[in-house]
Amino acid sequence: MKRAPARRKAVAALQLGSEARYRLLAGVGGIGTGLFFALEGNHTLGRNESRPARQLDVRDYCKLHIIAHYVAVLLGADPSGTPFHVLPVGRVGDDDIGRRLWREMQDAGMDMRFVERVPGQLTPLSVCFQYPDGSGGNITVRAAGALAPTPEDIDQVEPYLEAERSRAIVLAAPEVPLEARGHLLRLGARHGAFCVASCTTAEMQDALRLGLFAPVDLLAVNEEEAAALAGQELDPSQPEAFLKACAAVLRPDARLVVTAGRHGAYAYESGTWEYCPAAQVPVVSTAGAGDALLAGVLVGLAAGLPLVMNRARRTTLADHPLASALDLGTLLAAFGVTSPHTIPPEVSAGRLAAFADEIGLQLSDRLSRLFPGRS
């Protein structure tokens, strides 16, 4: 295995100390861009409805790109592998969009050796829609055919997983076929990596049938996806039965993160649930918020933070100092929804710490030490 030479010095990253747990993130998932429309009217778009909309000047990205970008920037990723290594696997078209996205990912510090630009193919495109209240959704072209990552593509990361073993994270994100995601998860489990997955609502039953969750150490899903997993709806006033039903589908030692939009997020580990209220911030767009939260959780875990804290349930996010990986994910998601873009261009460790101050959130001593100039 040969490391790429260092390409740039990270200046906006967290300070990883001796408590850092992971050094590598290898992932598959969607790499693409999209068009963004602001819909007229807050009622849910109907099956046969034609709705007036306004196209927005918004930079939209697919799931692997969003999650990996946050991780790369906040952990100071570099192709040399020091201090952190982000290794996406996938394919984009060798078109203007594909070349631009490839450069943007490289500029964020990712090692792009396993992201192929395929001649004659169009890079996946999504159509995103936003309601006047800031909520919304998207229709995304799944990478398939010549752009779908193959088992052979994924096997290229095996030497890196073998080298890092328990210090590696593998991420199986949506917008590529389940078979590819399952292959990466099994490969990661074989080498002792921490295996992370998410699935869309439409994929959930197929994922269960294929045994996709057997090697998963952390499953991250939103409220609707979790309902498809558990077979029941979330009642935010009494979430315990719903959350236990979700956890029962996974291995007993697996962890779970469930995002519930304005109701906040929940996480489970070793019999302990933690609820994290959503931050009270002006919402510009919720697109990409769940991906940002997962990215923040992965950053926190990589830095050595616990996923959850055993403490009294909060009514507001400010009730306790931010201390867990779930807290960091919630902070990053709050920062993300204040931007019209699914990856805020100004994201950095310093900007995230300043944002916490601006909205009145206190960081625990341990979390504060990760931010430059805050120790």
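Residues Asp327 and Thr330 have side chains that never bring a donor and an acceptor to within less than 3.5 angstrom of each other. Residues Glu346 and His341 have side chains that never bring a donor and an acceptor to within less than 3.5 angstrom of each other. Of the N and O atoms on the side chains of His320 and Arg313, not one donor lies less than 3.5 Å from an acceptor on the other residue. For the 3.5 Å distance criterion, the side chains of Asp78 and His85 fail to qualify, holding no donor opposite an acceptor.
Remark: the backbone N or O of Asp153 is paired with a side-chain donor or acceptor of Thr150 at under 3.5 angstrom. At least one donor-acceptor pair under 3.5 Å links the side chain of Arg251 to the backbone N or O of Val216.
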> Could you walk me through whether Leu361 and Phe355 pass the side-chain contact (heavy atoms from CB on, under 4.5 Å) check?
Replying inline: CA-CA 9 Å; Leu361 299 178; Phe355 176 72; over 6 Å; no
>> Assess the residue pair Leu75 and Tyr22 against the criterion (side-chain contact (heavy atoms from CB on, under 4.5 Å)); give the C-alpha distance rounded to whole Å, side-chain angles, the decisive distance to 0.1 Å, and a yes or no.
In response: CA-CA 10 Å; Leu75 292 179; Tyr22 300 108; over 6 Å; no
> Does the salt bridge (charged side-chain N to carboxylate O under 4.0 Å, His left out) test come out yes or no for Glu269 and Arg255, once each step is laid out?
Replying inline: CA-CA 5 Å; Glu269 179 180 15; Arg255 302 164 184 173; 3.0 Å; yes
> side-chain contact (heavy atoms from CB on, under 4.5 Å) between Asn222 and Val258: does it pass, once the steps are laid out?
Replying inline: CA-CA 5 Å; Asn222 65 26; Val258 179; over 6 Å; no
>> Pair Leu307, Val297 - check side-chain contact (heavy atoms from CB on, under 4.5 Å), show working.
In response: CA-CA 7 Å; Leu307 175 62; Val297 167; 3.8 Å; yes
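Scanning both residues, Phe213 and Ala207, for their nearest heavy atoms gives CZ-CB, 3.8 Å. Taking each heavy atom of Pro215 and Arg186 in turn, the nearest pair found is CG-N, 4.3 Å. When every heavy atom of Leu64 is checked against every heavy atom of Gly27, the shortest pair comes out as CD2-O, 3.7 Å. The two atoms that bring Cys246 and Leu256 nearest to each other are CB-CD2, 3.4 Å, heavy atoms only. Nearest heavy atom pair, residue Leu187 against residue Ile154, reads CD2-O, 3.8 Å. The nearest pair of heavy atoms linking His183 to Pro151 is NE2-O, 3.6 Å.
To the nearest 0.5 angstrom, Leu35 atom CG is 8.0 Å from Cys128 atom SG. Distance CG/Leu243 to CH2/Trp273: 4.0 Å, rounded to 0.5 Å. Phe114 contributes atom CZ, which lies 4.5 Å from atom OH of Tyr160 (distance to the nearest 0.5 angstrom). Between the CG atom in Leu87 and the CD1 atom in Ile169 there is a gap of 13.0 Å [rounded to 0.5 Å].
Between Tyr266 and Tyr275, the gap from one ring centroid to the other is short of 6.0 Å.
Checked for salt-bridge contact, Glu203 and Arg181 meet the test: a charged N lies under 4.0 Å from a carboxylate O. Ion pairing between Arg366 and Glu19 holds under the 4.0 Å rule for side-chain N and carboxylate O. With respect to Arg100 and Glu104, a salt bridge is recorded, a charged nitrogen being found less than 4.0 Å from a carboxylate O. Electrostatic pairing of Glu116 and Arg91 counts as a salt bridge here, judged by a charged N lying under 4.0 Å from a carboxylate O. The pair Arg117-Asp95 fails the salt-bridge criterion, with no side-chain N (NZ, NE, NH1 or NH2) lying under 4.0 Å from an Asp/Glu carboxylate O. Remark: Glu274 engages Arg311 in a salt bridge, criterion side-chain N to carboxylate O under 4.0 Å. A salt bridge is absent between Arg190 and Glu162: the closest approach of a Lys/Arg side-chain nitrogen to an acidic carboxylate oxygen does not fall below 4.0 angstrom.
Side-chain contact between Leu219 and Leu229 is present, with at least one heavy-atom pair separated by less than 4.5 Å. The closest side-chain heavy-atom distance from Tyr131 to Leu45 is below 4.5 Å.
Residue Leu363 is grouped with residue Phe335 when hydrophobic side chains (ILVMFWY) are merged at heavy-atom distances under 4.5 angstrom, including chains of intermediate members. Both Ile359 and Leu317 are members of a single hydrophobic cluster when ILVMFWY side chains are connected at heavy-atom separations under 4.5 Å.
The number of heavy-atom neighbours closer than 6.0 Å to CG of Asp365, taken from other residues, nucleotides and ligands shown, is 12 or below.
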